[in-house]
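The next block holds one structure in the form of structure tokens; read it before the comments.
Every heavy atom of this structure was used, including side-chain atoms; hydrogens, water molecules and symmetry mates were not. The chains referred to below are lettered A, B, ... by the order of the sequence lines, with proteins before strands, and numbering in each begins at 1.
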2 protein chains.
Amino acid sequence: MPKSRYSDIYQDLKNKIETGEYEFQELLPSEHQLIEHYDCSRNTIRRAIGNLVTDGYVQTMQGKGVRNIYQPTQQNSFAIGNIESFRESALRNGKKPKTRVIYLTELVADKNIARRTGFEPGSNLYYLQRVHYLDNKALILNHNYFLKDLVPNLTKEIAESSIYDYIENTLNMSIITSKRVFTVEKMTEIDEKYLELGDYNCLAVVTSQTYNSDGIMFEYTQSRHRPDYFSFQDNATRRVR
Amino acid sequence: MPKSRYSDIYQDLKNKIETGEYEFQELLPSEHQLIEHYDCSRNTIRRAIGNLVTDGYVQTMQGKGVRNIYQPTQQNSFAIGNIESFRESALRNGKKPKTRVIYLTELVADKNIARRTGFEPGSNLYYLQRVHYLDNKALILNHNYFLKDLVPNLTKEIAESSIYDYIENTLNMSIITSKRVFTVEKMTEIDEKYLELGDYNCLAVVTSQTYNSDGIMFEYTQSRHRPDYFSFQDNATRRVR
DNA sequence: CAGAAAAACTTGTTTAAACAACTTGCGAAA
DNA sequence: TTTCGCAAGTTGTTTAAACAAGTTTTTCTG
């Protein structure tokens, strides 16, 4: 449920691109025409188009226009520049998600954990290991650390449905930013036990630190992905800066 | 050499964050104060801050302010959301880059190549294989395909210095957008021959399609990275949309 | 003193206008 | 006919203003 004008226009243009109303390589209507069509100001149009640019749907060219560069083949299970839970991502792609908790404990961050995760030494944490299944295939092994003060009363039941739903709708905490780093790492015994890795001896690893609206990091997660089912998309632009 | 006001302000604020003039978790001056300091309009300030947000330096909170969330440990060799050549990236990180061309040929795209790269079947292409060294370590094996019509007269010498420099400054073509996909793939014989992979049997692979200002894809590249030296950073935000 | 209401301050959205920079095409001049 | 220059159309940058929405502080009321 988008709430702003530019967000509505973004959605509408995105739909028209995805349904092929604008063809690949075709120029979109000019800002002037879009202003008339949507009956809004130029800034609002430009903001909608700016979001289409960052999401890789169009490219703007000064003096020329805005070109549709969307190709439907590039659909991908992982959203770019957007925080999304496993469940949300799966449902968006029409898959059947399932999550199993294989370990859940409370612990206090020692020096080692603190250095790895970025939490302060001495922090009270929940630590859990979860396996994510998509259409009954084990694809992801997650190591989650949550700050107990901010995410209290975490249970196995919550962890198997949706922690993000619990955080946002029950605890009413708002999630803002997440820093993610993508690497490739050797497999561990745990990986081997729970994921079917075949010949691969390494995994695609996404570590992320997530912050709430008070600027406090409340989550550190390492997501270890089965390589043959992992792909991550990005749209880059040439900036001089 | 930034040319716009918001870009100058972005740079200045970024410097102040990186040098610690604003501390981690500290709130930046309010928009009102920044307007007075830089003597500009609110929109210009907001644009500079918007870029800091997408680059992961700050997080904005309605009603509260703008918080510095930059941590110097996260420095990384690969730029986010920015097209950058290997040479540019290396120099920016103070490393000594070297590039060796191990294969260079012309070819015509058959059905197979066309499907993989996205070029039209029958396109005249340059195909080259290059190894990128950083401080004398072989880190990346590149497979590059360039559209011969748009990148003519490609030589070994150009390919060993900087193709992007040749494209932008000699051919005067402007590079706009690049779509990148990250995956993990099994190693091939060529990978094994030119990169020191140790125990790893797979690599971090970045495939990218790059477009010029006419919306034409002129480059398809597959970059195969030695896993232990690869890392890629991303900043995500929670969007409702 | 405690709590509620109001004020002040923050960022978020939208409109309007002007000028700059770049591209294309038309028409006039050579 | 060819070429140059200009006009028209496009996106890019910047300013100004108003209101909305969220947070914090102050003030007032009980």
Side-chain angles (χ1 to χ4, degrees), chain A residues 1-11 13 26-54 57-69 172-177 212-216 237-241, chain B residues 1-11 13 26-54 57-69 172-177 212-216 237-241:
Chain A
M1 59 200 87
K3 48 175 184 239
S4 50
R5 193 89 181 81
Y6 72 84
S7 180
D8 290 339
I9 296 172
Y10 164 87
Q11 272 300 344
L13 289 173
E26 188 185 339
L27 292 184
L28 266 60
S30 72
E31 291 176 353
H32 179 67
Q33 290 171 292
L34 290 174
I35 288 168
E36 288 216 337
H37 182 269
Y38 290 107
D39 188 32
C40 66
S41 75
R42 190 170 164 222
N43 282 349
T44 301
I45 292 292
R46 285 181 63 76
R47 190 151 176 189
I49 288 179
N51 286 337
L52 290 174
V53 170
T54 60
Y57 284 90
V58 299
Q59 99 184 140
T60 63
M61 297 159 296
Q62 185 169 0
K64 285 182 166 180
V66 179
R67 177 174 280 117
N68 172 15
I69 57 168
N172 287 316
M173 182 164 73
S174 56
I175 300 163
I176 303 267
T177 326
N212 72 2
S213 59
D214 293 322
I216 299 174
T237 52
R238 183 75 165 161
R239 297 187 281 187
V240 190
R241 272 188 190 166
Chain B
M1 57 199 86
K3 47 178 182 236
S4 51
R5 194 89 182 83
Y6 72 87
S7 180
D8 290 340
I9 296 171
Y10 164 88
Q11 272 300 344
L13 289 173
E26 188 184 340
L27 291 186
L28 266 60
S30 71
E31 292 176 353
H32 179 68
Q33 289 171 293
L34 291 174
I35 288 167
E36 289 216 336
H37 182 269
Y38 289 106
D39 189 31
C40 66
S41 75
R42 190 171 162 221
N43 283 347
T44 301
I45 292 292
R46 285 181 62 76
R47 190 152 177 187
I49 289 179
N51 286 337
L52 291 173
V53 171
T54 61
Y57 283 90
V58 300
Q59 99 184 140
T60 63
M61 298 159 294
Q62 185 169 2
K64 285 183 165 179
V66 179
R67 177 174 280 118
N68 171 14
I69 56 167
N172 286 315
M173 182 164 73
S174 57
I175 300 164
I176 303 266
T177 326
N212 72 2
S213 59
D214 292 323
I216 299 174
T237 50
R238 183 76 165 161
R239 297 188 280 187
V240 188
R241 274 190 189 161

Quiz item: Between Gln33(A) and Ser30(A), is there a donor-acceptor pair closer than 3.5 Å when you use the side chain of the first and the backbone of the second?
Solution: yes
Self-check item: Residues Leu27(B), Met61(B); criterion side-chain contact (heavy atoms from CB on, under 4.5 Å); working and verdict
Solution: CA-CA 10 Å; Leu27(B) 291 186; Met61(B) 298 159 294; 4.1 Å; yes
Starting from [atom2] on [N], measure out to [atom1] on [X] and report it in whole angstrom.
{"X": "Asn172(B)", "N": "dC22(C)", "atom1": "CG", "atom2": "P", "result": "13 Å"}
{"X": "His32(B)", "N": "dA17(D)", "atom1": "NE2", "atom2": "C1'", "result": "15 Å"}
{"X": "Leu27(A)", "N": "dT10(D)", "atom1": "CG", "atom2": "P", "result": "10 Å"}
{"X": "Arg47(A)", "N": "dT11(D)", "atom1": "CZ", "atom2": "C1'", "result": "18 Å"}
{"X": "Ile49(A)", "N": "dT11(D)", "atom1": "CD1", "atom2": "P", "result": "7 Å"}
{"X": "Asp39(B)", "N": "dT15(D)", "atom1": "CG", "atom2": "P", "result": "8 Å"}
{"X": "Lys3(A)", "N": "dT11(C)", "atom1": "NZ", "atom2": "C1'", "result": "13 Å"}
{"X": "Leu34(A)", "N": "dT14(C)", "atom1": "CG", "atom2": "P", "result": "16 Å"}

Quick one: is [X] getting a side-chain N or O under 4.0 Å of the [N] phosphate, OP1 or OP2?
{"X": "Thr60(B)", "N": "dG12(C)", "value": "yes"}
{"X": "Arg46(B)", "N": "dT11(C)", "value": "no"}
{"X": "Thr44(A)", "N": "dT15(C)", "value": "yes"}
{"X": "Tyr6(A)", "N": "dT14(C)", "value": "no"}

Pairs under 3.5 Å (N/O, protein and nucleotides 7-9 of chain D):
residue, atom, partner, partner atom, Å
dG9(D), N2, Gly63(A), O, 3.3

Self-check item: Among Val66(B), Leu52(B), Ile49(B), Ile69(B), side-chain contact (heavy atoms from CB on, under 4.5 Å) partner for Tyr57(B)
Solution: Leu52(B)
Quiz prompt | Along DNA chain D (nearest heavy atom to each residue), the more 5'-positioned of Arg42(B) and Ser213(A) | solution = Arg42(B)
Quiz item: Are Asp214(A) and Lys64(B) ion-paired here, with the side-chain N under 4.0 Å from a carboxylate O?
Solution: yes
Self-check item: 5' priority, DNA chain C, between Met61(B) and Arg5(A) [closest heavy atom]
Solution: Met61(B)
Quiz item: Nearest nucleotide by nearest heavy atom, which residue falls closer to the 5' end of DNA chain C, Glu31(B) or Asn43(A)?
Solution: Glu31(B)
Practice problem: Assess whether atom CG of Asn172(B) is packed by more than 12 heavy atoms of other residues, nucleotides or ligands within 6.0 Å. | Solution: yes
Could you run down the sub-3.5 Å N/O contacts of the protein with nucleotides 3-8 of chain C?
none

Quiz prompt | Separation between CD of Gln59(A) and CG of Asn68(A), rounded to the nearest 0.5 Å | solution = 10.0 Å
Quiz item: If you measure from CZ on Arg46(B) to OG1 on Thr60(B), what distance do you get to the nearest 0.5 Å?
Solution: 7.5 Å
Exercise. State, to 0.1 Å, how close Cys40(B) and Ile35(B) come at their nearest heavy-atom pair, and which atoms those are.
Key: O-CG2, 3.0 Å
Quiz prompt | Check against side-chain contact (heavy atoms from CB on, under 4.5 Å), Leu13(A) and Leu34(A) | solution = CA-CA 10 Å; Leu13(A) 289 173; Leu34(A) 290 174; 4.3 Å; yes
Quiz prompt | Sequence-distant partners of Arg5(B), salt bridge (Lys or Arg N to Asp or Glu O under 4.0 Å), two or more places apart | solution = none
